[in-house]
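Notes for the one structure printed next.
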Protein chains: 4
Amino acid sequence: MRKKELIRLSATKIIARDGFCKTKVQSIADDAKIAVGTVYIYFKNKDGILDYIFETQHKKIVKLSEKLESQNIPPLEKIKKILRYHFEELRKNPDLSSVLAQEGKMPVVYGSPWIKDGFVGIPYIFQKMLDESKEIGEIRDIDTELFGAIIFFTGIETAYLLQIQGKQDKHYSEFNELVTFIINGIKS
Amino acid sequence: MRKKELIRLSATKIIARDGFCKTKVQSIADDAKIAVGTVYIYFKNKDGILDYIFETQHKKIVKLSEKLESQNIPPLEKIKKILRYHFEELRKNPDLSSVLAQEGKMPVVYGSPWIKDGFVGIPYIFQKMLDESKEIGEIRDIDTELFGAIIFFTGIETAYLLQIQGKQDKHYSEFNELVTFIINGIKS
Amino acid sequence: MRKKELIRLSATKIIARDGFCKTKVQSIADDAKIAVGTVYIYFKNKDGILDYIFETQHKKIVKLSEKLESQNIPPLEKIKKILRYHFEELRKNPDLSSVLAQEGKMPVVYGSPWIKDGFVGIPYIFQKMLDESKEIGEIRDIDTELFGAIIFFTGIETAYLLQIQGKQDKHYSEFNELVTFIINGIKS
Amino acid sequence: MRKKELIRLSATKIIARDGFCKTKVQSIADDAKIAVGTVYIYFKNKDGILDYIFETQHKKIVKLSEKLESQNIPPLEKIKKILRYHFEELRKNPDLSSVLAQEGKMPVVYGSPWIKDGFVGIPYIFQKMLDESKEIGEIRDIDTELFGAIIFFTGIETAYLLQIQGKQDKHYSEFNELVTFIINGIKS
DNA sequence: GATGAATGAGTGTTCATTCAT
DNA sequence: TATGAATGAACACTCATTCAT
C-alpha cells in the first residue's frame with residue numbers, strides 16, 4: 001500500500017487508543033512497521049498526520065455531497081444519505097470514530113491549513129441542505145447553522161458511543177433510531 | 001478565594017484555549033498568580049486538575065438530580081431542568097463548555113479515579129429518567145442507554161457550538177430550540 | 001558560582017575540545033554537574049551559549065578600550081595594551097582561545113543578536129585607533145578597516161597557535177614577537 | 001566535468017554559506033544536481049568532502065612550492081609567490097576563502113587522514129623558507145614555526161576579510177599591502 | 001555508475017514534578 | 001503553606017548513510 005495511507009491507518013489506530021497528544025510518532029511508525037524517519041518523508045510533522053486523517057474523511061464526504069447535489073433528491077434525504085455513508089465508514093473503522101470524536105474539537109485542528117474548507121466545512125454543507133429543506137417546508141424554522149453542526153457532530157458522537165457501549169453489532173438499527181430522532185426533532 | 005478553586009478556574013481558562021495536553025502547569029500557575037509548586041499542594045498531578053474540573057461539574061449535576069428525584073416531576077421535565085441548569089452553567093462559564101466538549105471524551109478522563117461514578121455517570125442518570133419516561137409512554141421505544149448519552153453530550157456540544165459560532169447572546173432561545181429538538185426527537 | 005558562569009566555563013571547555021556543532025548540550029551539563037534542563041533556564045538555546053561566550057569576552061575588551069580612551073596614550077600603545085590584555089586572558093584560559101579561533105568566523109556567530117556591537121565590533125575599535133595613529137603619522141597609509149580586523153584576528157590566532165604548538169610557557173616572549181611583527185608591519 | 005569536482009565545487013559553495021556542520025549532504029547534492037547516493041560513491045562520508053576541499057588546495061600549493069624549490073629564488077620571494085598564488089585562487093573562488101577561514105581550525109580537520117602531510121603542512125613549508133631566509137639574514141630572529149603558521153593563516157584570513165568587507169575589487173592592492181605588512185614585520 | 005526512498009541512532013528542547021528554603 | 005530553581009525522563013524531529021532498483 002502507499003506508505004502515506006499505511007501511516008494514516010496506523011496513526012488512526014494508535015491515536016484512537018492513546019489520544020493524539022499522548023501518541024508517540026515512534027508508536028505509529030512501529031505499528032506501520034516503518035522507521036520514524038519515514039513518517040517525516042510523508043508528513044511535515046506530527047500535527048500533519050492528524051490533519052491528514054481529518055482531511056481524508058472530509059474529502060470523502062465532500063465528494064459524496066457534490067454527487068448528491070447533482071441529483072434530484074429532497075434535502076432531508078440527502079442529509080440522511082450523508083449520515084448513513086459517514087456512519088457506515090465509522091462502523092467499518094471504529095478507530096476513526098474515536099479519533100473524530102476525541103480530536104475533532106481540538107484547537108490544533110482549528111489551526112490546520114485545510115480548515116478553510118475543512119472538517120468544519122461539513123457542518124456548512126448540512127446547513128445549506130437544512131436551508132433548502134426549510135424553504136420547502138420540510139422542517140420547522142430552526143437555526144440551520146447551529147443545527148447543521150449539531151447533526152454532524154451528533155452523528156460522529158453516536159458512532160463513537162455505540163463503540164464504547166459495545167453495540168457495534170446493532171449499528172444498523174441504532175443508526176435508524178438516530179435518524180428518526182434527528183428528523184422528528186427538526187421536522188415541521 | 002480558596003486556592004484550589006482559583007486553580008480550577010485558571011486551569012479551565014487555559015485548557016479551553018490551548019487544550020489539555022498543550023497546557024503547561026506553569027501557565028495555569030501564572031494565570032492564578034501562584035507558584036507552580038503550590039499547584040502540587042492541592043493536586044496530585046496535572047491530570048488531577050482536569051479530573052477536578054469534571055468532578056466539580058459532575059457533583060453539581062448529581063446534586064440537582066438528587067433534589068429533583070425527591071420531587072414529583074415528570075421524567076422529561078427533569079431532563080429539561082438538568083439540561084437547562086447545565087446550559088446556564090456553561091453560558092456563565094464559556095471556557096468550561098470548551099473544556100467539557102474538547103476533553104470530555106479523552107482517554108485520560110476515562111482512566112481517572114472518579115470515573116466509577118464520574119462524569120460518564122450523568123448519561124446514566126439520563127438513562128434512568130428516559131426509562132421512567134418510556135414506561136409511562138411519554139416517549140417512544142428508544143435505546144435509553146444510547147440516548148441518555150446522546151442527549152447529555154449534545155447538550156455540552158451545543159453550548160460549545162453557540163460559543164464558537166458567536167451566539168452567546170442567543171443562548172436562551174437556542175437552548176429552547178435544542179430542547180424542542182430533543183423532545184420532539186424522542187417523544188412517542 | 002553563578003550558574004550561568006558555570007555553564008559558560010564548561011561550555012568553553014567542551015566546545016574547545018569538540019567544536020561547537022559536535023558539542024552536546026548534555027556534555028556541557030555533565031561537565032558543569034547540573035541537569036540539561038538547567039542550561040535552558042539560563043540560555044534560550046545552544047547557540048545562546050556560544051553567543052554568551054563571545055559576548056562576555058567582547059564586553060571585557062570594550063570596557064578596557066573605553067578606559068583607555070579616557071587616558072592620554074598614543075594610539076599604537078592602546079592597541080598594544082588591548083592585545084596584551086586579550087592575550088593574557090587567552091593564556092589564562094587556553095580553551096577560550098580555541099573557541100574564539102575556531103568559532104569566531106562561523107555564520108552562526110554573525111546571526112547573533114549582539115552582533116550589532118558584537119565581537120566584530122572590536123576590529124572597529126582597532127580601526128579607530130589605527131585612524132588616529134595614521135593621522136599623527138605613526139603608521140603608514142594602510143586600509144585601517146582591513147588591518148583593524150587583521151590585527152585582531154591575528155592576535156587570537158597566535159594565542160591559539162601557541163597552544164597547539166605547545167608553547168604556552170613562551171607566551172610572554174612570543175607575544176612580544178607578535179607585537180613587534182605587527183608594529184613593524186604597519187609603521188611608517 | 002568529473003562528478004567528484006562537481007561535488008567539491010557545490011560543497012564549497014554551500015559550506016561557505018552555512019558552515020560545515022550545518023550543511024546537509026542533501027543540499028550539496030541538490031546544488032550539484034545529483035542524487036545524495038552519488039555523493040557516497042565518490043566520498044566515504046561527509047567529512048571526506050571537507051577533507052577533499054582542503055586536500056585539493058593543499059596539493060596545488062605543495063606543487064607550486066616544489067616547483068619553486070627547484071628554482072634559484074630568494075626564500076622571501078618564494079613566500080610572496082606562494083601567497084600571491086593562493087590569494088589569486090581565493091579571489092577567483094571567494095567561497096573557498098570562507099571555507100578555509102571558517103573550517104581550517106576545526107578539530108574535524110585535525111582528525112582527517114591527510115593531516116599528516118596535510119593542510120597544516122603548508123605552515124611547515126613556510127617555516128622552512130623562513131629558516132632559509134633567517135640564515136641568509138633577510139629576516140630577524142623569529143620563531144619560524146610560529147610565524148610560518150601566522151603568515152599562512154593571515155593570508156587566508158585576509159582573503160576572507162576582503163570578501164566580507166566587500167572589497168573583492170581591491171584584491172590586488174590590498175594583497176600588496178598585506179605582503180608589505182608581513183615583510184616589514186619580519187625583516188631584519 | 002546513479003538514484004532517492006528508507007533507515008534509525010542521535011540530539012535539542014520541553015515540561016511535569018520535586019524539594020530545600 | 002508557599003515558593004521557584006533544579007531536575008531528568010521523554011519526545012519530536014533531523015540527517016548521514018545505505019541499498020534495492
Side-chain angles (χ1 to χ4, degrees), chain A residues 2-4 6-7 18 20-30 32-49, chain B residues 2-4 6-7 18 20-30 32-49, chain C residues 2-4 6-7 18 20-30 32-49, chain D residues 2-4 6-7 18 20-30 32-49:
Chain A
R2 304 254 303 93
K3 280 271 163 60
K4 195 169 184 181
L6 198 64
I7 295 167
D18 300 341
F20 179 71
C21 273
K22 294 243 169 91
T23 292
K24 285 174 257 185
V25 177
Q26 184 68 63
S27 306
I28 296 173
D30 288 349
K33 296 192 202 313
I34 58 172
V36 225
T38 308
V39 174
Y40 289 88
I41 296 174
Y42 297 94
F43 296 94
K44 191 170 176 292
N45 52 32
K46 193 182 157 188
D47 283 0
I49 305 173
Chain B
R2 304 257 300 93
K3 281 268 166 66
K4 194 168 185 179
L6 199 64
I7 296 168
D18 300 340
F20 178 71
C21 273
K22 296 238 169 99
T23 292
K24 296 173 216 172
V25 178
Q26 184 68 63
S27 306
I28 296 173
D30 287 350
K33 296 191 203 312
I34 58 172
V36 231
T38 309
V39 174
Y40 286 85
I41 295 172
Y42 296 94
F43 296 95
K44 186 169 178 289
N45 53 30
K46 191 183 160 188
D47 284 359
I49 305 173
Chain C
R2 303 254 305 92
K3 281 269 164 61
K4 195 169 185 179
L6 197 64
I7 295 168
D18 300 340
F20 179 71
C21 273
K22 294 242 169 94
T23 292
K24 286 173 259 184
V25 178
Q26 184 68 62
S27 307
I28 296 173
D30 288 349
K33 295 191 203 314
I34 56 172
V36 227
T38 308
V39 173
Y40 288 87
I41 296 175
Y42 297 94
F43 296 94
K44 190 170 176 294
N45 52 31
K46 193 182 159 189
D47 283 0
I49 306 173
Chain D
R2 304 258 303 94
K3 282 267 169 63
K4 193 168 184 178
L6 200 63
I7 295 167
D18 300 341
F20 178 70
C21 273
K22 296 238 169 102
T23 292
K24 296 172 215 172
V25 178
Q26 184 67 65
S27 306
I28 296 172
D30 288 349
K33 295 191 205 313
I34 58 171
V36 231
T38 309
V39 174
Y40 287 86
I41 295 172
Y42 296 94
F43 295 94
K44 188 170 176 290
N45 54 30
K46 190 183 161 188
D47 284 359
I49 305 173

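These figures come from a predicted structure and were not determined experimentally. In what follows, chains carry the letters A, B, and so on, assigned in the order in which the sequence lines appear, proteins first and then strands, with residues in each chain numbered from 1.
The distance from atom CD1 of A/Ile28 to atom P of F/dC13 is 11 Å, rounded to the nearest whole Å. Here E/dT7 presents its P atom at 12 Å from CG of A/Asp30, a figure rounded to the nearest Å. Here E/dT7 presents its P atom at 10 Å from CG of A/Leu6, a figure rounded to the nearest Å. Whole-Å rounding puts the C/Lys46 NZ to E/dG12 C1' distance at 8 Å. Nucleotide E/dT17 holds its P atom 8 Å from the NZ atom of B/Lys44, rounded to whole Å. Rounded to whole angstrom, the span from the CZ atom of C/Phe20 across to the P atom of E/dT11 amounts to 14 Å. Across the protein-nucleic acid pair, B/Lys33 atom NZ and F/dT3 atom C1' stand 17 Å apart, rounded to whole Å. Between B/Phe43 atom CZ and F/dA2 atom P the separation is 13 Å, expressed in whole Å.
Which of E/dA2, F/dA5, E/dT13 sits closest to the side chain of D/Lys3 comes down to E/dA2. If you check F/dA5, E/dT3, E/dT13 against the side chain of D/Thr38, the one that comes closest is E/dT3. Nearest nucleotide to the B/Tyr40 side chain, out of E/dT17, F/dA2, E/dA6: E/dT17. Side chain of B/Ala35, nearest nucleotide from F/dG8, F/dA12, F/dG4: F/dG4.
When each of A/Val25, A/Ile41, A/Ile28 is tested with A/Ile7 by the rule side-chain contact (heavy atoms from CB on, under 4.5 Å), just one qualifies, namely A/Ile28.
In terms of position on DNA chain F, the residue among A/Thr23 and C/Gly37 whose nearest nucleotide sits closer to the 5' end is C/Gly37. Between A/Asn45 and C/Ile41, the residue whose closest nucleotide on DNA chain F is further toward the 5' end is C/Ile41. Each of C/Gln26 and A/Val36 lies near DNA chain E, and the nucleotide nearest A/Val36 is the one positioned closer to the 5' end.
Closest non-hydrogen pair, A/Val39 versus A/Ala29, comes out as CG2-CB, 4.2 Å.
Using Watson-Crick or G-U wobble geometry with both donor-acceptor distances under 3.5 Å, E/dT21 finds its partner in F/dA2. Applying the Watson-Crick and G-U wobble criteria (two distances, each under 3.5 Å), E/dT11 pairs with F/dA12.
If you check every strand for non-hydrogen atoms under 4.0 Å, D/Ser27 touches nothing. Within 4.0 Å of A/Val25, counting heavy atoms only, lie sugar-phosphate atoms of the nucleic acid but no base atom.
Counting heavy atoms from C-beta on, the side chains of B/Tyr42 and B/Ile49 never come closer than 4.5 Å.
Taking OG1 of B/Thr23 as the start and NZ of B/Lys46 as the end, the distance is 6.0 Å to the nearest 0.5 Å. Separation of atoms CZ (A/Phe43) and NZ (A/Lys3) is listed at 12.5 Å; rounding is to 0.5 Å.
Close to F/dA6, at under 4.0 Å from its OP1 or OP2, lies a side-chain N or O of C/Tyr42.
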